[in-house]
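These notes are about the structure you will find just below.
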Amino acid sequence: MLDLKFVRNNLDVVRESFKKRNSKLDVKDFEKLDGQRRELLQEVEVLKAERNATSENIAKIKREGGNADEIIARMGELSGKIKALDEDLKDIEAAEHDWLVSVPNIPDDSVPLGSSEADNPVTRVWGEKPVMDFEPREHWDLAVELGGVDFERAAKLTGARFAVLRKWGAKLERALTSFMLDIQTTEHGYTEIIPPYIVNRDSLYGTGQLPKFAEDLFKLENSEYFLIPTAEVPLTNLHRDEVLDESELSVAYCAATPCFRSEAGSYGKDTKGLIRLHQFHKVEMVRFAHPDTSFDDLELMTSHAEEILKRLNIHYRVITLCTGDMGFGSKKTYDLEVWLPGQDLYREISSVSNCGDFQARRANIKFKSKDAKKAQFVHTLNGSGLAVGRTFVAVVENYQQKDGSIVIPEALRPYMGGLEVITAES
RNA sequence: GGAGAGGUAGCGAAGUCCGGCCGUAACGCGCUCGACUCGAAAUCGAGUUAGGGGUCAAACCCUACGUGGGUUCGAAUCCCACCCUCUCCGCCA
């Protein structure tokens with residue numbers, strides 16, 4: 001969320017941000033609540049100061065053996081007044097807080113203006129579309145035929161939007177996960193974490209999924225626990241309510257976890273294949289950065305995601321999300337879109353965001369430097385490195401052969417026991 | 001699941017029985033600055049929670065003792081509910 005004082009002192013900036021993001025929020029609502037709150041606050045604080053002073057006085061009188069009945073009677077009245085005002089104040093504070101936590105982050109000035117994904121500019125392109133002298137097939141066709149994926153049995157076990165991976169399919173998923181983790185940890189310096197896949201409300205609030213996006217989450221029955229929609233949640237919340245040392249920054253974590261999403265509101269969208277499932281694996285990267293250099297970290301982390309696709313030699317492009325398409329907590333986001341020949345389109349395979357101090361303020365994550373006496377909020381970044389299931393799709397569709405087999409990218413072969421080609425026998 | 005102990009600043013910990021200068025919170029450690037020293041250790045001295053209101057800036061004021069309620073003129077302290085941690089027992093991959 002945004003800083004209360006920042007909003008108060010920069011109403012025009014916030015108003016402009018709403019416009020850029022096509023938000024219906026109105027700063028007038030805030031102005032009204034904030035004014036009311038401060039007025040009431042001052043009123044009640046004067047009374048509280050009086051109560052404290054009188055209370056001390058009563059203690060003194062009693063200690064000296066005097067009679068304080070008259071003062072006590074007046075205190076009763078005072079306390080009643082305070083109680084009533086406190087109730088009103090609580091309501092207004094709650095309303096103001098609700099407003100504040102529903103406000104999206106302010107886009108960085110470098111973010112292109114736009115209203116939808118159609119306005120996202122292509123920032124760079126790597127590689128080329130593979131040349132195929134045959135009609136490329138979709139992965140849900142090819143991978144099923146080769147016995148690596150089974151959607152029908154997944155539907156039996158659970159329902160729509162689930163997949164069973166088997167044989168080479170299961171191994172490929174595992175190989176990709178290890179491949180990605182090894183690069184991110186060994187070469188890019190991320191500390192590997194295996195977090196809980198179930199988190200509480202505070203964690204989801206910290207990263208911004210709650211209170212606004214509850215319908216996207218799976219909540220466990222008879223508890224206040226939720227399945228994680230991304231490892232961004234547990235990784236970022238690792239340092240919730242902590243003060244880091246400036247010299248530690250940037251702190252970098254990665255984790256391979258399953259992700260669970262209800263996909264409410266996406267009915268009829270990407271219903272086929274492995275693209276949009278209720279459960280998928282993702283290698284996630286999270287960084288806690290110094291405010292002065294967080295945008296450098298954004299470029300760095302994007303390159304860490306790109307590196308995976310380069311090693312796999314798969315054509316992709318990087319797009320910069322425009323103001324109207326950016327996520328709630330982000331100041332700036334790059335998406336990596338991988339080429340899928342079977343479907344003849346580019347598909348998001350990674351999203352890398354700098355959230356500035358937006359999450360850090362919610363989750364109370366600070367750092368302190370030697371000379372500064374006050375701790376300040378860190379900047380948090382998160383990005384996929386990469387979505388494993390979608391990388392699976394990219395490998396299958398990009399490396400498919402005319403005879404219906406799939407060549408395994410060279411970088412991946414050590415993870416596949418030396419296997420070079422996937423066939424129905426694999 | 002059963003029994004018990006506990007949650008107070010960066011860490012440890014006193015205070016809770018018996019409500020009132022005990023919350024910029026005793027005491028210890030750590031950290032920062034200074035003195036001593038060629039330098040360091042040791043020692044001595046000073047400083048060291050966060051959020052909010054207020055102010056040009058200050059002064060000043062309010063809030064927070066796991067969380068939320070309650071009792072009371074007044075709650076770290078009494079009452080109720082919940083959360084978390086630890087120990088022992090039971091169960092278990």
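We name chains A, B, ... by the order of the sequence lines, and we start the count at 1 in each one.
- The aromatic rings of A:F328 and A:F358 stand perpendicular to each other, their planes meeting at an angle above 60°, with 30° marking the opposite boundary.
- Going from atom CD of A:E39 over to atom C1' of B:rC62 covers 17 Å, rounded to whole Å.
- For B:rG20, the OP1/OP2 oxygens have no side-chain nitrogen or oxygen of A:R63 closer than 4.0 Å.
- A:F367 and A:H379 have their aromatic ring centers separated by at least 6.0 angstrom.
- Pairing of B:rC33, defined by two Watson-Crick or G-U wobble distances under 3.5 Å, is identified with B:rG45.
- A side-chain donor from one of A:S203 and A:R240 sits under 3.5 Å from a side-chain acceptor of the other.
- For A:K90 and B:rC62, the NZ to C1' distance is 17 Å, given to the nearest whole Å.
- Within 4.0 Å (heavy atoms only), A:Q42 reaches sugar-phosphate atoms of the nucleic acid but no base atom.
- When both distances must be under 3.5 Å, the Watson-Crick or G-U wobble mate of B:rA26 does not exist.
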Exercise for review: Go through A:H304 and A:Y190 one step at a time and tell me if the ring-ring contact (aromatic ring centres under 6.0 Å, His included) criterion holds.
Suggested key: CA-CA 10 Å; A:H304 293 159; A:Y190 289 81; 5.3 Å; yes
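- Nucleic acid contact class of A:R74 (heavy atoms, under 4.0 Å, all strands): none.
- Under the Watson-Crick and G-U wobble criteria, each requiring two contacts below 3.5 Å, nucleotide B:rG68 is paired to B:rC80.
- Using a 4.0 Å heavy-atom cutoff across all strands shown, A:D69 reaches no nucleic acid atom at all.
- Atoms CD (A:E224) and P (B:rC83) sit 11 Å apart, rounded to a whole Å.
- The side chain of A:M75 approaches B:rC73 more closely than any other nucleotide in the set B:rU63, B:rC62, B:rC73.
- As the counterpart of B:rA58, no nucleotide is assigned, since no Watson-Crick or G-U wobble pattern has both distances under 3.5 Å.
- A:F367 comes within 4.0 angstrom of no nucleic acid atom, judged by non-hydrogen atoms across all strands.
- Side-chain polar atoms of A:E232 and A:Q359 form a donor-acceptor pair below 3.5 angstrom.
- Comparing A:L41 and A:K60 along RNA chain B, the residue whose closest nucleotide (by nearest heavy atom) sits nearer the 5' end is A:K60.
- Atom pair A:L100:CG and B:rG51:P shows a separation of 16 Å (rounding to whole Å applied).
- Using the Watson-Crick or G-U wobble rule with both distances under 3.5 Å, B:rU63 pairs with B:rA50.
- As a whole-Å value, the separation of A:N364 CG from B:rA50 C1' is 9 Å.
- Among the atoms of the strands shown, only primed sugar atoms or phosphate atoms (P, OP1, OP2) are found under 4.0 Å from some heavy atom of A:R37.
- Neither OP1 nor OP2 of B:rC21 sits under 4.0 Å from any side-chain N or O of A:K62.
- The phosphate of B:rC73 has neither OP1 nor OP2 within less than 4.0 Å of any side-chain N or O from A:T54.
- OP1 or OP2 of B:rC61 has not a single side-chain nitrogen or oxygen of A:N52 nearer than 4.0 Å.
- B:rG51 atom P lies 12 Å from atom CG of A:D241, rounded to whole Å.
- Side chain to side chain, A:T230 and A:K282 meet the donor-acceptor criterion of an N or O pair below 3.5 Å.
- B:rA14 is unpaired under the Watson-Crick or G-U wobble criterion, no partner having all donor-acceptor distances under 3.5 Å.
- Distance CG (A:L244) to P (B:rC31): 19 Å, rounded to an integer number of Å.
- As the counterpart of B:rC88, B:rG2 is assigned, both hydrogen-bonding distances of the Watson-Crick or G-U wobble pattern falling under 3.5 Å.
- Of the two residues contacting RNA chain B, namely A:A59 and A:D3, the nearest-nucleotide position lying further toward the 5' end is that of A:A59.
- Base engagement by A:I58 is indicated by at least one non-hydrogen atom pair under 4.0 Å involving a base atom.
- Distance CD (A:E93) to P (B:rU63): 13 Å, rounded to an integer number of Å.
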